[in-house]
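Please read the structure below before turning to the comments.
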Amino acid sequence: MHTYIEDIAAHEGAEVTLKGWLHNRRSSGKIHFLILRDGTGFIQAVMSKAAVGDEMFKAADHLSQETSVIVTGTARADTRAPGGYEIDVKTLEVVGESHDYPITPKEHGVDYLLDRRHLWIRNERQQAILRVRHEIINAVRDFFNTRGFILADTPIFTPAACEGTTTLFPAQYFEEQTAYLTQSGQLYNEANAMALGRVYCFGPTFRAEKSKTRRHLTEFWMVEPEMAYADLNDVMDLAEGLVVSVVERVLDKRRRELGVLERDTSKLEAVKPPFPRMSYDEAVKRLNEQGLSFEWGGDFGGPDETMLAQQFDRPMMVHHFPAAIKAFYMKPDPARPELALGVDVLAPEGYGEIIGGGERLADLDLLVARIREHHLPQEAFEWYVDLRRYGTVPHGGFGMGIERVVAWICGLEHVRETIPYPRMLYRLYP
RNA sequence: UCCUCAGUAGCUCAAUGGCAGAGCAUCCGGCUGUUAACCGGAGGGUUGCUGGUUCGAGUCCAGCCUGAGGAGCCA
């Protein structure tokens, strides 16, 4: 049995064994300060020459960064310790040596760190981010699971594009057929919703876009809920509830990690319902009032999204987009067919779009016409069209990009730090 | 794909067209309360690559390579 650092408070005054790695070391002539980490936290182990004797003290002289060690000693409360506790070392055993660890306590460039991502994640800050990511994913799953949604995952190998526009990663599929890595579970989700009522899928998504920005990865994780018998308002209510629930959960369970990241939590505490909801028409008007010349009919760029979101202290929604800039499966507004019943959720503080979705096109004839207009091969979509042939109903849902949500909640500059091994244009290692 | 910027010691960065430097890391020595500990010493260089201008190029010019930020596209 050994003790995890996160549980140290329960062992005050007792002798404990910690198993971990040496994170850093400071030394004086007759006293060593060894910073240990074990994946659950960091703690300072104090080794005095008088307590352990010359031999063990000298052996600890040359312990280097990331040496794996087993330390036994007494847990002691100490106001000088950042975590409130220290260990007075009785014995120390080296499990595995570490020489010339490449990530030193000083600064490093992003490229250098990404080439050593497998080691970079040992860093306290990176650990905090990955813990928040874990909490966000759990919060998302709990949100849907406690509301009657069924997890029904969609395939990663797909026969054709879900949305004709973006580029796909091809893969050889047995003999003569090419498969593509999924760029959205959307279409399969609709079929699943017709079977199970309310569903969600949660998995990796692949986009072969040559995007080179702080908001893009080629491989990212997306959660996509879909509801039968739902309209645009139901979709917006669901998106709002999800975001509020996730932020509350992180504030509740991961305060310590947000502190490590120096996140201004007052910005997150402001994330309360209701979120402002604004039509595309209104958004265009606002942009022009703010001095950005934006023409009706275009899609928002980064600066446009930032300008819109900056006017509020919580996420905002833009709905009723021009149909021309949205996917073929979006339902047109019956009152104004040039508009699509889609919605985007924009995160505050300039983080941009975190959710995109809306009400789907449920009418058979119109869907077939749209597939033709978009020059998509109808044979590949016959199964999807079937959903309109056999008991079609109003339905809708959305997709939420996990990495963008993590970046926003953690207050990060770039989504590359939000996933253990980011895949980007020009980056496939490690 | 386009635009902008960057590339010098293991790492982070200095160096007016004129001797290649500092901090950290590593190694040696000192220190019983350090918090990216501190103090003293040592080793460490094909200045991304190729060519050009010049008495002389890390520095100026051209091309290429690699990366970053942004655009487009999207979550």
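Residue numbering restarts at 1 for every chain, and letters A, B, ... go by the order of the sequence lines.
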_Applying a 4.0 Å non-hydrogen cut-off, can you work out what Gly109(A) is touching in the nucleic acid: base, sugar-phosphate, or nothing?_
sugar-phosphate
_Inter-nucleotide P distance (rU53(B), rC13(B)), Å rounded_ = 34 Å
_Classify His32(A) by what it touches in the nucleic acid, base, sugar-phosphate, or nothing, heavy-atom distance under 4.0 Å._
nothing
_Partner of Arg277(A) under side-chain contact (heavy atoms from CB on, under 4.5 Å), chosen from Glu282(A), Met236(A), Met316(A)_ = Met236(A)
*Consider the side chain of Glu353(A), meaning its heavy atoms from C-beta on, and name the nucleotide among rA75(B), rG33(B), rG72(B) that approaches it most closely.*
rA75(B)
*For atom C1', what is the distance between rG44(B) and rC74(B), given to the nearest Å?*
47 Å
*asked:* Could you tell me how far rG33(B) sits from rG69(B) if I compare only their C1' atoms? Round to whole Å.
replied: 44 Å
*asked:* Need one value for Thr205(A): base, sugar-phosphate or nothing, where a base atom within 4.0 Å counts as base even if backbone is also close, heavy atoms only.
replied: nothing
*By nearest nucleotide on RNA chain B, pick out whichever of His108(A) and Ala50(A) is the more 5' one.*
His108(A)
*Between Ile355(A) and Ala81(A), name the one whose nearest nucleotide on RNA chain B is closer to the 5' end.*
Ala81(A)
*asked:* Could you check whether Phe206(A) and Tyr180(A) have their ring centres less than 6.0 Å apart?
replied: no
*Output the single nucleotide from rA75(B), rA68(B), rG70(B) whose closest atom is nearest the side chain of Arg416(A).*
rA68(B)
*Under 4.0 Å between any heavy atoms, over every strand shown, what does Ser211(A) touch: base, sugar-phosphate, or nothing? Just pick one.*
base
*Residue pair Met317(A) / Glu240(A), side-chain heavy-atom distance below 4.5 Å*: yes
*asked:* Let's test your reading of the pairing rules: Watson-Crick or G-U wobble, both distances under 3.5 Å, then write RNA chain B as a dot-bracket string with ( ), [ ], | and dots.
replied: (((((((..((((....[..)))).(((((.......))))).....(((((..]....))))))))))))....
*Considering only side-chain heavy atoms of Tyr112(A), which listed nucleotide, rC11(B), rG72(B), rA75(B), is closest?*
rC11(B)
*Parallel, tilted or perpendicular: which fits the ring planes of Tyr384(A) and Phe381(A), with parallel below 30° and perpendicular above 60°?*
perpendicular
_Out of rA36(B), rU32(B), rU1(B), whichever nucleotide has its closest atom nearest the side chain of Ile31(A)_ = rU32(B)
_As a test of reading the structure: which of rA75(B), rA71(B), rG67(B) is closest to the side chain of Lys212(A), going by heavy atoms?_
rA71(B)
*Considering only side-chain heavy atoms of Phe33(A), which listed nucleotide, rA37(B), rG72(B), rG33(B), is closest?*
rG33(B)
*Ring centres under 6.0 angstrom apart (Tyr200(A), Phe143(A))*: no
*Just checking Asp344(A): base, sugar-phosphate only, or nothing, at a heavy-atom cut-off of under 4.0 Å?*
nothing
*asked:* Regarding Arg76(A), tell me which of base, sugar-phosphate or nothing describes its non-hydrogen contacts under 4.0 Å with the strands shown.
replied: base
*Can you tell me, in whole Å, how much space there is between the C1' of rA14(B) and that of rG52(B)?*
28 Å
*Tell me what Leu217(A) touches on the nucleic acid: a base, only sugar-phosphate, or nothing, going by heavy atoms under 4.0 Å.*
base
*Tell me, yes or no, whether the heavy-atom count around Glu269(A) atom CD, taken from other residues, nucleotides or ligands under 6.0 Å, exceeds 12.*
yes
*Across the strands shown, which category fits Met222(A) at heavy-atom distances under 4.0 angstrom: base, sugar-phosphate, nothing?*
sugar-phosphate
*rG33(B) C1' sits how many Å from Ile35(A) CD1, rounded?*
12 Å
*Looking only at side-chain atoms of His62(A), point me to the closest of rA37(B), rC73(B), rC28(B).*
rC28(B)
_Whole-angstrom distance between rC60(B) and rG18(B), as gauged at atom C1'_ = 15 Å
*Using the C1' atoms only, state how far rU50(B) lies from rA42(B), rounded to an integer number of Å.*
37 Å
*Do Val16(A) and Ile8(A) come close enough that some side-chain heavy atom pair is under 4.5 Å?*
yes
*So, Asp281(A) and Ser279(A): side-chain donor and acceptor under 3.5 Å apart, yes or no?*
no
_Could you tell me how far apart Asp61(A) (CG) and rC27(B) (P) are, to the nearest whole angstrom?_
11 Å
*Sugar-phosphate, base or nothing in reach of Glu86(A), heavy atoms under 4.0 Å*: base
*Over how many whole Å does the gap from Asn24(A) atom CG to rU35(B) atom P extend?*
11 Å
*When the C1' atoms of rG7(B) and rU34(B) are considered, how many whole Å apart are they?*
37 Å
*Atom CG of Leu425(A) to atom C1' of rG70(B): distance rounded to whole Å?*
14 Å
*With the side chain of Arg26(A) defined as its heavy atoms from C-beta on, choose the nearest nucleotide among rG10(B), rG72(B), rU35(B).*
rU35(B)
*Which nucleotide in the list rG69(B), rA37(B), rA75(B) gets nearest to the side chain of Phe220(A)?*
rA75(B)
*For the side chain of Asp78(A), starting at C-beta, report the closest nucleotide among rC73(B), rA68(B), rG33(B).*
rG33(B)
*Mind telling me whether His32(A) and Phe57(A) have parallel, tilted or perpendicular rings, with 30° and 60° as the class edges?*
parallel
_Rounded to whole Å, how long is the line connecting atom CD of Glu97(A) with atom C1' of rU26(B)?_
15 Å
_Using the C1' atom as the point on both nucleotides, what is the distance between rG70(B) and rA20(B), in whole Å?_
35 Å
*asked:* So Glu403(A), base contact, sugar-phosphate only, or nothing? Heavy-atom distance under 4.0 Å.
replied: nothing
*In whole angstrom, give the distance that lies between atom NE2 of His414(A) and atom C1' of rG67(B).*
12 Å
*For Phe312(A), does the CZ atom sit with more than 12 other heavy atoms under 6.0 Å from it, leaving out its own atoms?*
yes
*Could you tell me the separation between the CG atom of Asp115(A) and the P atom of rU66(B), rounded to a whole number of Å?*
14 Å
*Looking at Tyr280(A) versus His319(A), is the centre-to-centre ring distance below 6.0 Å?*
no
*Figure out the CZ/C1' separation between Arg80(A) and rU32(B), and round it to whole Å.*
11 Å
